[in-house]
Amino acid sequence: MALATAVVTALVALVALGPAGPAGAAGSPPSGAVPSPTAPHRGVVAQTGPDVPTPGRDTAVRAFVEQRDELRAALAGDSADTPNHAATGIAGASLAPTHNFWGVFPQPGTHDGITATHSVDPSYKVTNSQNFTYAPTTKAQNSCMEVVTAYWSQGAEIWAWDWCGTSGPAKTLKVNADFLAKYTTTANGITSYSVQLTKDATSGNAWSSYLYNHRTQAWELLFRSSGTDQSRLAYGWDIFEIYATVNPATGKGYFCTEARSTAFDSADIKLRRAGAWQLATPTDSPWTSTNPRGSDFLCPTLTFTRAAANHHWTVHP
């Protein structure tokens, strides 16, 4: 009896340790809150409030464009042509504000669709008008849209960024009570919504993006676009991304304190290939960096958890 008790105690202690960040766990447990990518596709996501341009959002949009320009330049100038080197190059550049990112980069030719379950935290308030957190944000290779969880000084929003047309947020959704009631649930202990981007079964480069409505148990159309992907980036991505300045009162990025209770989480990242959905793997979706440093994000306490083999990550200030 004493031996059995000791074994049980040891097992409990091992479970309590949990994954450390960065860490490489064998996999994350399935969650009933994660919808099937092949669930019914019906209905359209309604605007959750008046989509009126504001100076604050215009600033956030300009920052987003600058980030993508920096990412493109880093990849173009990287002799090894790897996401890891791109992230390191940006982190080491003399930039103000600081732009950096971490997550997975699905490789060219590996997919024609991506789906994931993303965290969202309406309680995270960004105070400085020059600071933006885009996390998680996801895009498939050559897709006509990127779906962004955007935190800025006027609140939290979901953006459907049009990469084949206006090169801006073609549709924006306020993360309000209506959005939370329809599109979010608790996954891995975190308030989350599920997003999907797929290439349409038509000629040319036509794409659709969807959000999963937990009330109707169906994927609703968020935005559709076709044409040439103007991002000029060969990779897809699912990443945590910041555009941050230093708070002189703390010596760290504003988000490092303001997002202290927020977990930025992307789970159940799947790629579609030849009509089949499979979890992202180290082969098709390498990490942008296997050893990211919080100091490169203006937040020394930032933790990066590789919760599964390239299909689940968490970042926490």
Verdict with supporting geometry, E220 and K182, salt bridge (charged side-chain N to carboxylate O under 4.0 Å, His left out): CA-CA 11 Å; E220 291 185 349; K182 289 180 181 177; over 6 Å; no
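- In this structure, CG in N247 is found 7.0 Å from OG1 in T127, a value given to the nearest 0.5 Å.
- Between the OH atom in Y210 and the CG atom in L222 there is a gap of 10.5 Å [rounded to 0.5 Å].
- A ring-ring contact (aromatic ring centres under 6.0 Å, His included) with W159 is found for one member of F223, W152, Y134 and no other, namely Y134.
- We find the CD1-OG1 distance between I114 and T138 to be 3.5 Å, quoted to the nearest 0.5 Å.
- Judged as a side-chain hydrogen bond (donor to acceptor under 3.5 Å, both in side chains), and not counting sequence neighbours, T198 has no contacts.
- Looking only at side-chain heavy atoms (C-beta outward), N131 and F255 stay at 4.5 Å or farther from each other.
- Relative to the six-membered ring of F297, R293 misses at least one condition, a distance below 6.0 Å or an angle of at most 45° to the axis.
- Between D200 and R224, at least one side-chain N (NZ, or NE/NH1/NH2) sits under 4.0 Å from a carboxylate O, which counts as a salt bridge.
- Atom CD1 of I242 sits about 14.0 Å away from atom OH of Y254, to the nearest 0.5 Å.
- Looking at heavy atoms from C-beta onward, F264 lies out of side-chain contact with T149 at the 4.5 angstrom threshold.
- The side-chain heavy atoms of S289 and W102, taken from C-beta on, include a pair separated by under 4.5 Å.
- Side-chain contact between S226 and N205 is absent, with no heavy-atom pair separated by less than 4.5 Å.
- Linking Ile, Leu, Val, Met, Phe, Trp and Tyr whenever their side-chain heavy atoms come within less than 4.5 Å puts Y183 and L197 in one cluster.
- Ion pairing of K252 with E258 is absent here, as no side-chain N (NZ or NE/NH1/NH2) approaches a carboxylate O to less than 4.0 Å.
- Connection of V175 to Y151 is established within a shared hydrophobic cluster, with ILVMFWY side chains joined at heavy-atom distances below 4.5 Å, either directly or through further cluster members.
- At a threshold of 4.5 Å between non-hydrogen side-chain atoms, the residues K199 and R272 count as touching.
- With a 4.5 Å cut-off on side-chain heavy atoms, W277 and L271 do not count as touching.
- In terms of the side-chain hydrogen bond (donor to acceptor under 3.5 Å, both in side chains) criterion, residue partners of T281 (sequence neighbours excluded) are, by chain and number, D284.
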